[in-house]
Amino acid sequence: MQCTVCGNEYGDDGGSQLSLLRQGFVCFGQKRYAAAIAFYEKALQEPGQLDLEILLYLSEAYSAKHDFWQAAVTINKACTLLNKLQDKGTRDFQRFIRIRQGMYNRVAGNMQQAAEGYRLAADFYDTKAYRERAEVYGSYLVTLYGMDMPLAEFQKALAGYNELFPFIRNSLSNERHGAGKIRIGYISPDFRHHVMYSFYYHMLFGYNKDGFHVICYSMSAGEDEYTRRIKSAVDGWRSAANLALAELAEVIRQDKIDILVDLAGHSTGSGLSVFALRPAPVQISGLGWMETTGFAATDYLLTDRYLDGVAQDYHSYISEKPLFLGSQFCYRAADDLPDIGSAPCLQNGYITFGSFNSYHKITDEMVAVWSRILLRVPESRLLLKCQVFLDEDMRQRARERFAEHGIDSWRLFLEPTSSDYMRRYLAVDIALDTYPYAGGGTTLDALYMGVPVVSRYGRRRGSRFGLSILANAGIPWLAVSDVPNYIELAVSLAKDRDLLNDLHLGLRYLLMRSDVMNGRKYMGELERKYVYLAEHE
């Protein structure tokens, strides 16, 4: 019998444990996850040698059922058992478990366990499985990104990415592929309905077709209406999800790309690893990864003066050369959004704070800081909206975290992601940004819906995303550099309801007139940079 989850083969000598495991497999394959869980749990009560496998498949079933907390708890039990066993199974099997350790713990907000899982998983790949190994190591880096750790330690982990590629070609070439239009390649797994669509929109729909030839390299097999729009807008499209690293590099070379721009960094499904084979004379990272890549094969990093400006010694911070724009980000709002309205506190009689960021960004420090704000603003509420709140265990876990700081559950609104996501901002008076992993799309969505965002920034680039957005939008005073000022700003804003209402009625128009939404200016700056690089590098 072959497992439908990881592909393992099981014989007929496992006794009642195996029989129950088989029945669980059947139910899982039929998407009857509650029934699968019941069979797996019963199998654990039987004597046998399959406890590790059962725990793995039980965690899979919990995850599929959106019981995110139990999925994390169960995979951690599997990892504890794995550590004790002498016969730990094949490398593929161990890798499968460790990846799940990373995935389920990250969703549940257990960042230390998640980082450990991804780090160990990367070691179970063949050293020549470059793209696959790099993707898992990238997930490790994404997890560290959300943790408040010393900068030097984080930079060391980023530099470790280079060790995956013994053949890195990190020297610039001064040869363009020919005269005529400059050939730009954009590579991403997110050419579809995704938050990144709002950021790369102008790159693909607003470029100068007389001077540039644009080709997209999609690292995702899935396509939707957004994909079809992109295909119709650009000059070329390549489906690269199933290509090996060397094959992808050769396709890019054959397309004679002058400047290759990665839009995902170390995010899941990224094509960043192809930079190691130097398929283009100039290679740039930007938008989808808010830190330096740490990758010797990345030549430039899209940035602005708020992310890597005069206040920072960016030469010692980032491994790339900075490519400064007025604003690193240019936002395009979705179509058919609801109109903005007055601050909801005027009708409710109390302040509603909110954060629509992913749960793993809500660190223990953020819970403590937000609790202090709630205690300073009587009768105030906090609306948290993210996917994990489909799970009652996760909602209860969130309540318990705030209860430790004196916040009663009635003050918390815990909602899963929903199709009315943007409309729900109309229920929020003040949005609270996360730290050190600042919001991006959520911050811009909030501002566009008229909701002021209070953001904290530090030295790490990923924490300065909010600063860049707010400063370029003309409201830099909403970004502060430490916890006391973050709390005071949120509290003082909650007390000044006239100012709060003015912001709700005016922020959308302020944003629309700012550099953050000026696509023409943004593309003019970016394309001038492209011309310079094509002529001088």
Side-chain angles (χ1 to χ4, degrees), residues 66-69 71-73 102-115 139 142-149 195 290 351-377 380-409 411-418 421 424-425 427-443 445-446 451 453-458 460 462-466 479-480 482-483 486-487 489-490:
H66 294 154
D67 290 343
F68 302 114
W69 183 253
V73 168
M103 291 169 55
Y104 300 154
N105 279 289
R106 185 164 179 258
V107 170
N110 303 327
M111 305 303 277
Q112 290 286 355
Q113 296 96 321
S139 295
V142 170
T143 305
L144 295 184
Y145 179 12
M147 299 166 63
D148 196 5
M149 62 192 301
V195 64
M290 291 315 305
I351 292 290
T352 302
F353 296 100
S355 176
F356 292 6
N357 283 287
S358 297
Y359 187 77
H360 63 82
K361 295 184 181 182
I362 306 175
T363 64
D364 289 341
E365 182 189 28
M366 291 314 311
V367 172
V369 169
W370 291 349
S371 296
R372 289 169 64 184
I373 293 171
L374 290 171
L375 292 172
R376 291 274 304 276
V377 183
S380 60
R381 316 294 206 269
L382 176 61
L383 169 58
L384 301 179
K385 191 174 184 65
C386 53
Q387 185 66 10
V388 300
F389 291 138
L390 285 168
D391 179 8
E392 172 55 32
D393 284 342
M394 289 300 302
R395 295 196 296 274
Q396 182 58 32
R397 170 62 180 155
R399 296 185 195 106
E400 291 170 356
R401 294 176 72 191
F402 280 92
E404 292 175 1
H405 299 278
I407 302 302
D408 294 330
S409 60
R411 303 185 72 175
L412 302 175
F413 302 133
L414 308 176
E415 299 180 0
T417 303
S418 58
Y421 157 82
R424 290 299 290 144
Y425 276 114
V428 177
D429 290 291
I430 303 167
L432 300 174
D433 200 3
T434 47
Y435 178 93
Y437 194 160
T442 52
T443 296
D445 289 344
V451 182
V453 181
V454 176
S455 186
R456 173 191 169 196
Y457 61 89
R460 278 177 49 180
S463 72
R464 300 172 72 85
F465 199 166
V480 296
D482 55 43
V483 168
Y486 180 94
I487 293 172
L489 178 58

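Basis for what follows: all heavy atoms, side chains included, without hydrogens, waters or symmetry-related copies.
Listed by chain and residue number, Trp69, Gln70, Asp391 satisfy the side chain to side chain contact (heavy atoms under 4.5 Å, CB included) test with Asp393 (two or more places apart in sequence, or in another chain). In this structure, the salt bridge (charged side-chain N to carboxylate O under 4.0 Å, His left out) partners of Arg456, at least two apart in sequence or on a different chain, are Glu365. In this structure, the side chain to side chain contact (heavy atoms under 4.5 Å, CB included) partners of Ala438, at least two apart in sequence or on a different chain, are Asp433, Phe465. Annotation: side chain to side chain contact (heavy atoms under 4.5 Å, CB included) contacts of Glu415 (sequence neighbours excluded): Leu383, Lys385, Arg424. Not counting sequence neighbours, the partners of Asp364 by the salt bridge (charged side-chain N to carboxylate O under 4.0 Å, His left out) test are Arg401. Partners of Tyr425 by side-chain hydrogen bond (donor to acceptor under 3.5 Å, both in side chains), not counting sequence neighbours, listed by chain and number: Tyr421. Take Phe389 and apply the ring pair (Phe, Tyr, Trp, His ring centres under 6.0 Å) test, not counting sequence neighbours, and it matches Tyr359. Take Arg376 and apply the side-chain hydrogen bond (donor to acceptor under 3.5 Å, both in side chains) test, not counting sequence neighbours, and it matches Glu488. By the side-chain hydrogen bond (donor to acceptor under 3.5 Å, both in side chains) test, Glu392 is found to be paired with Arg395, Arg399, residues two or more places apart in sequence or in another chain being considered. Scanning for ring pair (Phe, Tyr, Trp, His ring centres under 6.0 Å) contacts around Tyr145 gives Trp289, Tyr437, with sequence neighbours left out. Every residue two or more places apart in sequence or in another chain that forms a side-chain hydrogen bond (donor to acceptor under 3.5 Å, both in side chains) with Ser380 is listed here: Arg411. Partners of Asp482 by side chain to side chain contact (heavy atoms under 4.5 Å, CB included), not counting sequence neighbours, listed by chain and number: Pro484, Asn485.
Between Glu404 and Val367 the shortest side-chain heavy-atom distance does not fall below 4.5 Å. Contact check for Leu432 versus Tyr486: side-chain heavy atoms found under the 4.5 Å cut-off. A heavy-atom distance below 4.5 Å is not found between the side chains of Arg397 and Val388. For the pair Ile487 and Val369, the minimum side-chain heavy-atom distance is below 4.5 Å. At least one side-chain heavy atom of Phe402 sits under 4.5 Å from a side-chain heavy atom of Leu384.
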- Message: Could you walk me through whether Trp370 and Ile407 satisfy the side chain to side chain contact (heavy atoms under 4.5 Å, CB included) test, starting with their C-alpha distance in whole Å, then the side-chain angles of each, then the deciding distance to 0.1 Å, before giving a yes or no?
- Response: CA-CA 10 Å; Trp370 291 349; Ile407 302 302; over 6 Å; no
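Summarising the local packing, CD of Gln112 is surrounded by 12 or fewer heavy atoms from other residues, nucleotides or ligands at distances under 6.0 Å.
The closest donor-acceptor contact from the side chain of Arg464 to the backbone of Gly458 lies under 3.5 Å.
Met111 contributes atom CE, which lies 6.0 Å from atom NE2 of His360 (distance to the nearest 0.5 angstrom).
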